[in-house]
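Some notes on the structure that comes next.
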Amino acid sequence: MSIRCKTGQQLNFLSLRRVVCETEFFICISLPKQFTFRKSERLKSRKALDALFQSGRRFTQQPFRVFYAIKNTPGLQFGVSVSNKNFKKAVDRNKIKRLVREAYRLQKNELQEVLEQQKKGMHLFLVYIQQDIADYPVFYKSVKKILITLIKNLREDHS
RNA sequence: GCUACAAGCCUGGCUAUCGAUUCUUCGCUUCCAGGAGAAUAGGAAAGUCCGGACAGCACAGAGCAAUGCACCCUGUCAGAAGCGGGGGUUCUGAUUUUUCAGAAACAGAAAGUGCCACAGAAAAUAACUAUCUCGCCGCAAGGCGGGACAAAGGUGAAAACGUAGGGUAAGAGCCUACGGCUUUUGAUGGUAACAUCAUCGGCGGGUAAACCUUGCAUGCUGAAAUGCCACAUAAACCAUCGUUUGAGAACGGCUCGUUCGAGAUGGAGGGUAGGCAGCUCGAUAUACACCAUUGGUGUGUCAGAUAAAUGAUAGCCCACGACAGAAUCCGGCUUAUGGCUUGUAGCUUUU
RNA sequence: GGCCCCGUAGUUCAAUGGAUAGAAUAGAAGUUUCCUAAACUUUAGAUGCAGGUUCGAUUCCUGCCGGGGCUA
């Protein structure tokens with residue numbers, strides 16, 4: 001009981017202080033099952049990747065280059081890569097990949113809903129092309145923009 | 001208190017929310033999805049500089065070649081060349097009859113070959129200048145020819161054992177004494193490297209991280225190894241060689257020799273590129289007593305991913321966190337780097 | 001993961017262990033020209049870093065740093 005009381009106090013404390021946090025918490029409480037990022041949601045097949053790089057659509061949204069392809073079978077798969085040349089240390093590469101994945105995990109729901117409505121699937125791949133490491137808010141915003149443009153493209157194609 | 005060196009230790013913690021991988025369990029006929037619980041990156045995981053474990057192939061033999069190593073004893077997962085301990089030799093610094101500290105790829109230059117710029121007579125066989133002497137010519141200065149070859153010749157990084165005496169026409173390890181270095185042999189001490197002493201002979205520079213010689217060691221390839229399952233095709237086409245007159249393979253770089261015996265090599269092209277095992281319990285850590293050199297027993301620990309998990313956000317705590325991310329495993333080395341403790345040395349302040 | 005190769009002026013390449021590291025281009029200054037180009041003259045520029053062997057290292061050896069290749 002005592003622990004619950006403490007956590008409840010902290011929650012109030014946080015929500016008063018931070019606004020971004022508040023929104024995140026609201027989503028979390030309302031839809032707790034939607035923020036998964038499992039093995040089946042990752043783009044792993046080498047064959048699919050080669051096909052995506054050769055014949056998929058692409059555009060650039062700093063600091064990423066976006067490759068995507070719309071499939072008729074349902075399911076959304078996602079992948080990230082960071083160049084070995086730009087970042088020589090494995091620690092930096094891992095950090096970027098983790099931050100991008102986190103930003104995608106928290107924002108992918110809208111795209112998923114649109115795909116479910118249209119009964120289509122998508123392969124999505126991001127390549128980090130900037131030379132230096134950005135902070136988490138930058139990743140959050142740019143991933144948001146990418147998802148919005150993707151949804152726009154989907155709706156135009158459908159109509 | 002600061003700085004330097006050496007040794008050892010640690011590599012943030014807690015709370016909340018949302019996640020990831022593996023395992024167990026609930027539920028379900030099974031899988032998937034879902035709930036609960038546990039575990040989840042380092043001292044260097046790095047560089048790949050070494051050595052192994054392990055796996056596949058090979059395991060009649062001989063010779064040559066190639067590669068690596070080089071004072072001795074000993075320990076350890078180890079034949080340790082590299083790690084730990086102890087010792088020897090040489091060099092350097094301090095100290096001064098001895099001791100301390102540091103360094104050393106520390107076998108051989110007296111088996112042979114090569115090289116040693118510039119300078120210098122000469123860079124190793126010797127020659128040249130100068131010296132001494134004899135003969136001839138010349139008034140003389142000197143010149144020419146023969147003999148002595150060994151000291152001097154200021155250069156250079158390096159110069160033909162050093163000093164004293166004898167000896168001689170002049171000289172020279174030519175001889176003697178003392179000293180230094182060194183080869184052979186022997187004695188003593190030491191497990192050995194080696195040290196001391198004696199003896200015979202010698203003293204002819206350096207370079208082996210130049211070729212090389214001697215001694216020792218080394219089968220090759222590395223988890224993208226390797227084994228299995230699934231899927232897919234082209235057992236097709238062209239060129240060369242070949243089937244007992246033997247292509248090719250074992251055999252690893254070559255030769256001899258032995259064995260096997262029908263395909264081999266290259267070109268152009270086609271297909272697949274999914275999964276499982278290897279994969280983490282070990283050459284493990286610690287404690288214990290027994291037994292006597294090596295094992296046994298008990299307890300604890302132990303990431304296992306595969307486009308690749310171990311994270312994100314917010315707050316608090318003394319420093320608001322350095323270097324940095326496993327990819328079969330282990331031991332060593334090197335490099336990067338934050339903090340703490342102990343010891344030694346130096347400097348400053350106070351007493 | 002494993003196995004190899006290479007680092008020389010701004011760039012492309014030379015240099016038996018030997019003197020002040022050479023050449024072509026690019027740069028700068030000058031001559032020429034009304035101005036530019038071309039030509040000519042002059043000039044500044046480098047052995048990846050740290051140790052060792054040697055009388056003396058671009059070269060030989062060791063360790064770091066950087067770049068590249070092969071291998072399914």
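What you see is a predicted model, and the numbers here were worked out from it, not measured in a lab. The sequence lines fix the lettering, A, B, ..., with proteins before strands; numbering per chain opens at 1.
B:rC14 is paired with B:rG315 under the criterion used here, namely a Watson-Crick or G-U wobble arrangement in which both key atom distances are under 3.5 Å. Nucleotide C:rC64 forms a pair with C:rG48, judged by Watson-Crick or G-U wobble geometry with both contacts under 3.5 Å. The nucleotide C:rU32 finds no pairing partner, because no Watson-Crick or G-U wobble arrangement with both distances shorter than 3.5 Å includes it. Both distances falling under 3.5 Å, in either a Watson-Crick or a G-U wobble arrangement, place B:rU334 opposite B:rA46. Using the Watson-Crick or G-U wobble rule with both distances under 3.5 Å, B:rG167 pairs with nothing in any strand shown. With both pairing distances under 3.5 Å, B:rG1 is matched to B:rC347 as a Watson-Crick or G-U wobble pair. B:rU90: Watson-Crick or G-U partner is B:rA103, with both key distances under 3.5 Å. When Watson-Crick and G-U wobble pairs are counted only if both distances are under 3.5 Å, B:rG201 pairs with B:rU182.
Residue A:Arg93 is classed as having no contact, given no heavy-atom separation below 4.0 Å to the nucleic acid.
Residues A:Val80 and A:Phe59 share a hydrophobic cluster, clusters being chains of Ile/Leu/Val/Met/Phe/Trp/Tyr side chains in contact below 4.5 Å.
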- Task: With side chain to side chain contact (heavy atoms under 4.5 Å, CB included) as the test, would you mind laying out the steps for A:Thr149 and A:Val66 before giving the verdict?
- Result: CA-CA 11 Å; A:Thr149 51; A:Val66 184; over 6 Å; no

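When the P atom is used for both B:rA336 and C:rA50, the distance is 14 Å, rounded to whole Å. Across the P atoms, B:rU24 and B:rU280 are found 13 Å apart, a figure rounded to whole Å. C:rU25 and C:rG1 have their C1' atoms separated by 44 Å, with the value rounded to a whole Å. The same atom, C1', is picked in B:rA159 and in C:rA15; the two are 33 Å apart, to the nearest Å. Annotation: B:rC333 and B:rG68 have their P atoms spaced 24 Å apart (nearest Å). Across the C1' atoms, B:rU258 and B:rG63 are found 16 Å apart, a figure rounded to whole Å. On the C1' atoms, B:rU301 is 34 Å away from B:rG343, given to the nearest whole Å. Only the P atoms considered, B:rA107 is 10 Å distant from B:rA208, to the nearest whole Å.
Every ring pair (Phe, Tyr, Trp, His ring centres under 6.0 Å) that A:Tyr128 has, sequence neighbours left out, goes to A:Phe64, A:Phe87, A:Phe139. Residues meeting the ring pair (Phe, Tyr, Trp, His ring centres under 6.0 Å) test with A:Tyr104, sequence neighbours left out: A:Phe37, A:Phe78.
Regarding A:Asn109, its CG atom lies at a distance of 10 Å from the P atom of B:rG19, rounded to whole Å. Following rounding to the nearest Å, A:Arg105 (CZ) and B:rC18 (P) show an atom-to-atom distance of 10 Å. Rounded to whole angstrom, the span from the CG atom of A:Leu99 across to the P atom of B:rU310 amounts to 11 Å. Here B:rA312 presents its C1' atom at 13 Å from CD of A:Gln107, a figure rounded to the nearest Å.
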Polar-atom pairs under 3.5 Å, protein N or O versus N or O of nucleotides 324-328 of chain B: list them with distances, or write none.
| unit_1 | atom_1 | unit_2 | atom_2 | d |
| --- | --- | --- | --- | --- |
| B:rA324 | OP1 | A:Lys89 | NZ | 3.3 |
| B:rA324 | OP2 | A:Lys89 | NZ | 3.0 |
| B:rG325 | OP2 | A:Ala90 | N | 3.4 |
| B:rG325 | N7 | A:Asn94 | ND2 | 3.3 |
| B:rG325 | O6 | A:Arg98 | NH1 | 3.0 |

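Distances shown here put a side-chain N or O of A:Arg101 below 4.0 Å from the OP1 or OP2 atom of B:rA308.
Base orientation of B:rG267: anti (glycosidic angle beyond 90° from 0). In this structure, C:rG52 shows a glycosidic angle more than 90 degrees from zero, which is the anti conformation. With its glycosidic angle more than 90° from 0, B:rG180 adopts the anti conformation. By the rule that a glycosidic angle within 90° of 0 means syn, C:rU11 does not qualify and counts as anti. Base orientation of B:rG173: syn, the glycosidic angle falling within 90° of 0.
Each of A:Glu102 and A:Gly79 has a nearest nucleotide on RNA chain B; the 5'-most of these lies closest to A:Gly79. RNA chain B is contacted by both A:Pro137 and A:Lys97; A:Lys97 maps to the nucleotide lying nearer its 5′ end (nearest heavy atom per residue).
Interatomic distance, CD of A:Gln112 versus CD1 of A:Ile151, reported as 11.0 Å (0.5 Å rounding). For the atom pair CD1 (A:Ile148) and CG (A:Leu111), the distance works out to 11.0 Å, reported to the nearest 0.5 Å.
The pair A:Arg57-A:Asp157 counts as a salt bridge, with a side-chain nitrogen and a carboxylate oxygen less than 4.0 angstrom apart.
Between the A:Gln107 side chain and the A:Tyr140 main chain, a donor and an acceptor come within less than 3.5 Å of each other.
Residues A:Leu147 and A:Glu110 form no side-chain contact, since every pair of their non-hydrogen atoms from C-beta on lies 4.5 Å or further apart.
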